Protein chains: 2
Amino acid sequence: MTNSREYFKSAISVDNVVFGFDNGDLKVLLIKRGEEPFLGDWALPGDLVLLEEELEDAANRILYDLTAISNVYLEQVKTFGGVSRHPKGRVITVAYFSLVNKNKLNPKASMFAKEIEWVSVKSIDYLAFDHFEIMNACLAQLKQNLKLKPIGFELLPEQFTLTELQLLYETVIGESLDKRNFRKKISKMGIIKDSNKYQTGVAHRPARLFCFDEDMYRKAVEEGFTFEI
Amino acid sequence: MTNSREYFKSAISVDNVVFGFDNGDLKVLLIKRGEEPFLGDWALPGDLVLLEEELEDAANRILYDLTAISNVYLEQVKTFGGVSRHPKGRVITVAYFSLVNKNKLNPKASMFAKEIEWVSVKSIDYLAFDHFEIMNACLAQLKQNLKLKPIGFELLPEQFTLTELQLLYETVIGESLDKRNFRKKISKMGIIKDSNKYQTGVAHRPARLFCFDEDMYRKAVEEGFTFEI
DNA sequence: ACAAAAGTGTTTTATTTACACCCATGA
DNA sequence: TCATGGGTGTAAATAAAACACTTTTGT
């Protein structure tokens with residue numbers, strides 16, 4: 001068998017597709033590259049994984065560096081290993097996506113990026129490296145999992161209206177839903193609780209504010225419940 | 001920023017969970033390790049990825065080496081990067097699973113393995129390295145995707161009976177299905193075609209043989225059909 | 001009083017489930 | 001002729017879809 005030392009010549013990176021939701025618009029956090037290659041192009045935030053660092057830790061580190069937040073929803077999506085995807089050598093990258101409440105953070109220039117911006121997913125048609133392909137893979141997985149796991153809440157403020165929740169689903173999945181049927185479905189699940197608060201300062205009847213009830217969700221799952229939109 | 005040359009010290013491997021179906025039993029192809037570490041333990045077939053080799057090519061190579069077959073269904077599942085998952089250094093492994101028609105091949109000792117065996121999934125409770133965890137991740141994804149994509153056929157001979165197909169679903173998903181309802185659902189999809197042949201040599205009324213109709217499946221998908229069991 | 005979004009049930013339609021007997025073959 | 005699995009339809013229950021008006025607030 002070939003001497004395995006021959007092979008310890010690759011690098012591992014992590015790229016993190018950070019999704020945020022903003023009033024009917026799904027956005028991702030992009031950085032403008034400050035060095036070659038792809039100088040000046042928009043790219044996904046990512047970095048090489050340290051030799052003694054777990055993959056997930058790297059993904060969290062990247063996000064923390066840009067936003068100073070931690071404990072966000074993080075999901076591994078796919079690994080991209082194209083031989084010539086990086087000009088400096090063999091770099092395999094593990095793609096993750098994160099879901100954050102966009103309103104509660106303001107990304108800042110950092111070690112990784114002088115310029116950083118929330119960009120509407122639908123306006124993106126190119127990114128540095130193979131990052132456009134990576135973003136699309138993450139978007140596809142988000143669409144799929146949004147229907148099968150209660151992760152939509154991660155993109156909303158802690159308290160949200162049912163209309164906001166519905167708009168989130170409509171935006172990401174890309175089809176419009178019936179208001180009454182949507183509410184019926186959600187409330188039948190019994191996994192959101194009424195906060196007994198209301199919107200303020202809106203020029204119409206104020207909506208009730210709800211929050212995701214994680215305890216209830218866990219109990220329901222134990223009893224055989226499976227989330228599905 | 002740290003000099004990136006510091007990081008080109010990792011190795012990438014691919015592990016391939018090869019599933020086969022055998023008369024009500026889901027099996028995986030395991031090899032017995034012929035060297036340290038984990039000498040003598042059962043493990044997944046896998047190998048380091050060559051510096052100029054695509055990940056998928058590596059997965060196919062491993063399978064071809066063991067079975068001399070190619071063009072099988074292959075799906076990337078997850079990447080495992082635990083810092084100390086391999087005693088010889090940082091080895092990130094990308095897990096794939098393959099679906100093969102177990103009856104049409106006989107695995108043979110090879111470059112990778114002196115001993116190789118089909119082992120019933122339900123009898124496995126330990127494997128070398130983190131391979132047990134890897135196998136379980138692949139099994140979970142197989143279960144999920146079997147319901148959402150027409151990949152079950154990959155595990156069967158080209159021609160199969162509806163009872164065989166049903167047994168496959170029952171075995172992998174782990175719940176029993178109603179015969180008439182199952183047949184109704186499958187035939188309404190219009191993606192399998194009657195071969196006009198029958199079983200022979202069985203001590204009961206011989207069953208019709210069907211095959212998966214990939215053209216029909218593609219046409220149906222274009223018209224908005226989505227497979228679901 | 002008007003504009004704007006919130007909130008709320010019923011009917012219709014489609015889908016899913018439950019269920020039992022006759023058929024063709026080999027032994 | 002018996003044992004074995006193959007093959008088939010209908011009715012009931014459940015879930016999904018369609019649909020319109022009243023309420024509450026700010027301006």
Side-chain angles (χ1 to χ4, degrees), chain A residues 21-25 146-148 156-157 159-171 173-211 220 223-229, chain B residues 21-25 146-148 156-157 159-171 173-211 220 223-229:
Chain A
F21 182 68
D22 183 12
N23 191 35
D25 215 5
L146 202 64
K147 293 188 186 186
L148 303 173
L156 294 176
Q159 297 188 346
F160 51 85
T161 70
L162 294 179
T163 301
E164 285 166 354
L165 185 63
Q166 183 181 339
L167 180 60
L168 166 62
Y169 276 96
E170 291 179 326
T171 303
I173 294 169
E175 56 199 33
S176 62
L177 304 168
D178 180 274
K179 180 162 66 162
R180 279 179 289 190
N181 292 338
F182 180 78
R183 284 164 186 239
K184 224 182 301 171
K185 189 179 271 182
I186 294 290
S187 49
K188 211 178 63 179
M189 291 181 186
I191 61 172
I192 61 171
K193 59 168 182 278
D194 190 338
S195 72
N196 294 313
K197 289 180 194 151
Y198 293 84
Q199 277 182 315
T200 52
V202 287
H204 55 77
R205 177 173 173 178
R208 294 178 108 86
L209 294 169
F210 292 87
C211 39
E223 288 161 13
F225 166 77
T226 50
F227 182 90
E228 189 171 354
I229 293 287
Chain B
F21 181 68
D22 183 14
N23 191 34
D25 215 5
L146 202 65
K147 293 188 185 185
L148 302 172
L156 294 176
Q159 299 188 344
F160 50 84
T161 70
L162 294 179
T163 300
E164 285 166 353
L165 185 64
Q166 183 180 342
L167 180 59
L168 166 63
Y169 276 96
E170 291 179 326
T171 304
I173 295 169
E175 56 198 33
S176 61
L177 303 169
D178 180 274
K179 180 162 67 163
R180 281 181 285 192
N181 293 338
F182 180 79
R183 285 164 185 241
K184 223 182 304 172
K185 189 179 271 182
I186 294 289
S187 49
K188 212 179 65 181
M189 291 180 184
I191 61 171
I192 61 172
K193 59 169 182 278
D194 191 338
S195 71
N196 295 311
K197 288 179 194 152
Y198 293 84
Q199 277 183 316
T200 53
V202 287
H204 55 76
R205 178 173 174 179
R208 296 178 107 87
L209 293 169
F210 292 86
C211 40
E223 287 161 14
F225 166 78
T226 50
F227 182 90
E228 191 172 351
I229 295 286

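Labels below follow one simple rule: chain letters A, B, ... track the order of the sequence lines, proteins then strands, and each chain is numbered from 1. Just so we're clear, the structure is a prediction, and the values are computed from it rather than from any experiment.
Considering only heavy atoms from C-beta on, B/Q159 comes within 4.5 Å of B/K197 through its side chain. Between B/F21 and B/L156, the closest side-chain pair of non-hydrogen atoms falls below 4.5 Å. In this structure, the side chains of B/L209 and B/N196 stay at 4.5 Å or more apart for every pair of heavy atoms. Under the 4.5 Å side-chain criterion, counting only non-hydrogen atoms from C-beta, B/M189 is in contact with B/F227.
One atom, CZ of A/R183, and another, P of C/dA5, lie 13 Å apart when rounded to the nearest Å. Taking atom CG of B/L167 as the reference point, atom P of D/dG6 lies 10 Å away to the nearest angstrom. In this structure, B/E164 places its CD atom 12 Å from C1' of D/dG5, rounding to the nearest Å. Atom pair B/F182:CZ and C/dA18:P shows a separation of 16 Å (rounding to whole Å applied). Per the geometry, OH belonging to A/Y198 stands 9 Å off P belonging to D/dT25, to the nearest Å. A/Q199 has its CD atom 12 Å from the C1' atom of D/dT24, to the nearest Å. Between the P atom of C/dT16 and the NZ atom of B/K184 lies a distance of 10 Å, rounded to the nearest Å. In this structure, A/I186 atom CD1 and D/dA15 atom P are separated by 16 Å, rounded to whole Å.
Dashed line: the shortest gap from a side-chain N or O of A/R205 to OP1 or OP2 of C/dG7 is not under 4.0 Å.
In terms of position along DNA chain C, the nucleotide closest to A/L209 lies nearer the 5' end than the nucleotide closest to the other residue of the pair B/K179 and A/L209. Of the residues near DNA chain D, B/R180 and B/T163, the one whose nearest nucleotide (by heavy atom distance) lies more toward the 5' end is B/T163. Ranked by how close their nearest DNA chain D nucleotide is to the 5' end, A/K185 and B/R208 are led by B/R208.
With rounding to the nearest 0.5 Å, the separation of CD in A/Q199 from CZ in A/R205 is 11.5 Å.
Considering only side-chain atoms of A/H204, the nucleotide from D/dT25, D/dA18, C/dG26 that sits closest is D/dT25.
Counting atom types as modelled, B/N181 pairs a side-chain N or O with a base atom of C/dA18 as donor and acceptor under 3.5 Å.
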